[in-house]
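The structure appears right after this line, and notes come after that.
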Amino acid sequence: MSAPEMRTTQLTQTRETQSFYKRVVARLERHAAKLLAAGDMAEIPDRNVRVAIAYACLEPTVTEATARLYRAAILHLIESEPGERDWDVLKIIDPEPSASESDRQDELRARRAQNLQTLRGAQQKAKWLSMADWTRLGEALGRSRSNWAGPARHWITATLLSGLRPCEWRRAELDGASLVVVNAKATNGRAHSATRTIGLAKCDRTELAVVASFLELVRSYGEDGYKSLYDGVRDLICDVARETFPGRDRYPSLYTARHCFAARAKATYSKVEVAALMGHASTATAGRSYAPARHARGGRPLEAEPSANDIDAVRRAQNARNLFSEPKDMP
DNA sequence: CAGAAGGAGGATGACGCGAG
DNA sequence: CTCGCGTCATCCTCCTTCTG
């Protein structure tokens with residue numbers, strides 16, 4: 001058969017994403033093996049069809065976001081390792097709109113509602129934590145005898161001040177009172193520029209010292225040690241948060257600190273300035289995905305300051321989009 | 001035995017964009 | 001303005017092993 005037309009957009013995936021997709025496919029294959037062992041699936045020689053059937057089986061047990069990831073992984077499988085029956089695979093993962101398909105979607109929603117009663121994975125991440133609770137968490141970490149307790153407290157404090165994503169500390173550098181960060185999530189025009197510069201001159205000396213010593217700590221772990229540092233700190237915060245705030249359904253993590261930073265940024269700055277601080281190309285992102293400003297209203301304004309260059313970069317990205325999408329608005 | 005480290009496995013959030 | 005898409009980053013649990 002000829003290669004089916006399955007994409008409407010151009011692919012821009014990185015090698016990391018492709019190897020990630022391979023792992024997802026491996027997971028689907030394992031599920032197919034389970035189905036076969038349980039007698040719930042006939043023996044199917046075509047690997048791609050096996051994977052698609054496993055997908056169809058898992059679809060009602062995961063959220064739409066996860067199902068979408070599974071579909072992306074299967075499309076990558078079809079493109080990198082085409083099979084004889086890929087047309088059938090496409091029919092399974094991307095059915096034609098029809099009356100029966102619409103019924104199927106309704107049933108899918110109902111089964112998902114049934115299956116997804118508890119928060120799973122990243123859903124348990126709190127998008128806001130009060131300063132009082134951060135203090136409680138910090139004190140609890142202080143009582144921990146874990147080697148990661150010190151790094152965890154520094155990491156949280158440094159993130160509340162600067163808003164960096166956890167992965168961004170690896171390549172961040174302090175230049176006087178400016179933090180220079182290589183923006184993550186920078187492919188597909190998602191970051192305003194390659195780096196962003198966060199001014200920390202308004203922070204007091206002890207806060208700046210925490211950022212500096214945390215960066216030293218990150219350096220001391222080196223490129224290869226970053227993962228173990230991150231794993232250790234994240235797991236410790238996970239454990240301590242659950243001991244400290246029993247009964248909640250969402251718990252603070254390192255990314256929660258970025259949310260809190262975003263809320264204070266929104267309460268302090270304009271949308272363009274917030275995007276510059278967070279590394280976003282679009283001013284809409286902070287509004288859509290991050291904690292609302294009302295959480296931070298009445299609190300101290302943010303110490304961190306966006307750089308003029310980054311603000312310009314966000315404006316340019318914004319203008320470039322407007323030129324293409326709304327030409328009639330031009331004078 | 002409790003707490004912690006390490007690793008494997010599984011899931012969802014957060015990005016910008018284009019279509020409707 | 002909303003939603004789905006392709007992509008990249010983060011979250012979590014479970015299990016085993018180590019250590020005091």
Check this one for me: any side-chain N or O of [X] less than 4.0 Å away from OP1 or OP2 of [N]?
X        : N      : result
A:Lys127 : B:dG13 : no
A:Ser282 : B:dC15 : no
A:Tyr230 : C:dA9  : no

* **Ring centres under 6.0 angstrom apart (A:Trp169, A:Tyr230)** => no
* A:Arg165 or A:Ser146: which one's nearest nucleotide on DNA chain B is closer to the 5' end? -> A:Ser146
* Asked: Between A:Lys125 and A:Asp231, who's closer to the 5' end of DNA chain B by nearest nucleotide?
  -> A:Asp231
When all nucleic acid strands are considered with a 4.0 Å heavy-atom cut-off, which category describes [X]: base, sugar-phosphate, or nothing?
X        : value
A:Leu236 : nothing
A:Arg258 : sugar-phosphate
A:His259 : sugar-phosphate
A:Thr66  : base

If I take atom [atom1] in residue [X] and atom [atom2] in nucleotide [N], what distance separates them, rounded to the nearest angstrom?
X        : N      : atom1 : atom2 : answer
A:Glu168 : C:dA9  : CD    : P     : 9 Å
A:Leu69  : C:dG4  : CG    : P     : 17 Å
A:Arg190 : B:dC17 : CZ    : C1'   : 11 Å
A:Leu75  : C:dG4  : CG    : P     : 17 Å
A:Arg71  : B:dA11 : CZ    : P     : 15 Å
A:Gln124 : B:dA14 : CD    : C1'   : 18 Å
A:Asp239 : B:dG3  : CG    : C1'   : 9 Å
A:His76  : C:dG6  : NE2   : P     : 13 Å

Nucleotide nearest [X] when distance is taken to its side chain, options [options]:
X        : options                : result
A:Val62  : C:dT13, C:dC11, B:dA11 : B:dA11
A:Ala184 : C:dT7, C:dC12, C:dA9   : C:dA9
A:Tyr290 : C:dT7, B:dG6, B:dA14   : B:dA14
A:Thr63  : B:dG13, B:dA4, B:dT12  : B:dT12

* To do: Would you sort out whether A:Arg234 and A:Asp231 count as a salt bridge (charged side-chain N to carboxylate O under 4.0 Å, His left out), showing the intermediate values?
  => CA-CA 5 Å; A:Arg234 186 188 52 224; A:Asp231 285 350; 3.0 Å; yes
* Which residue, A:Leu36, A:Leu58, A:Val51, forms the side-chain contact (heavy atoms from CB on, under 4.5 Å) with A:His31? -> A:Leu58
* Any chance the side chains of A:Ser178 and A:Asp175 put a donor and an acceptor closer than 3.5 Å? -> no
* salt_bridge(A:Glu168, A:Arg196) N-O dist < 4.0 Å -> yes
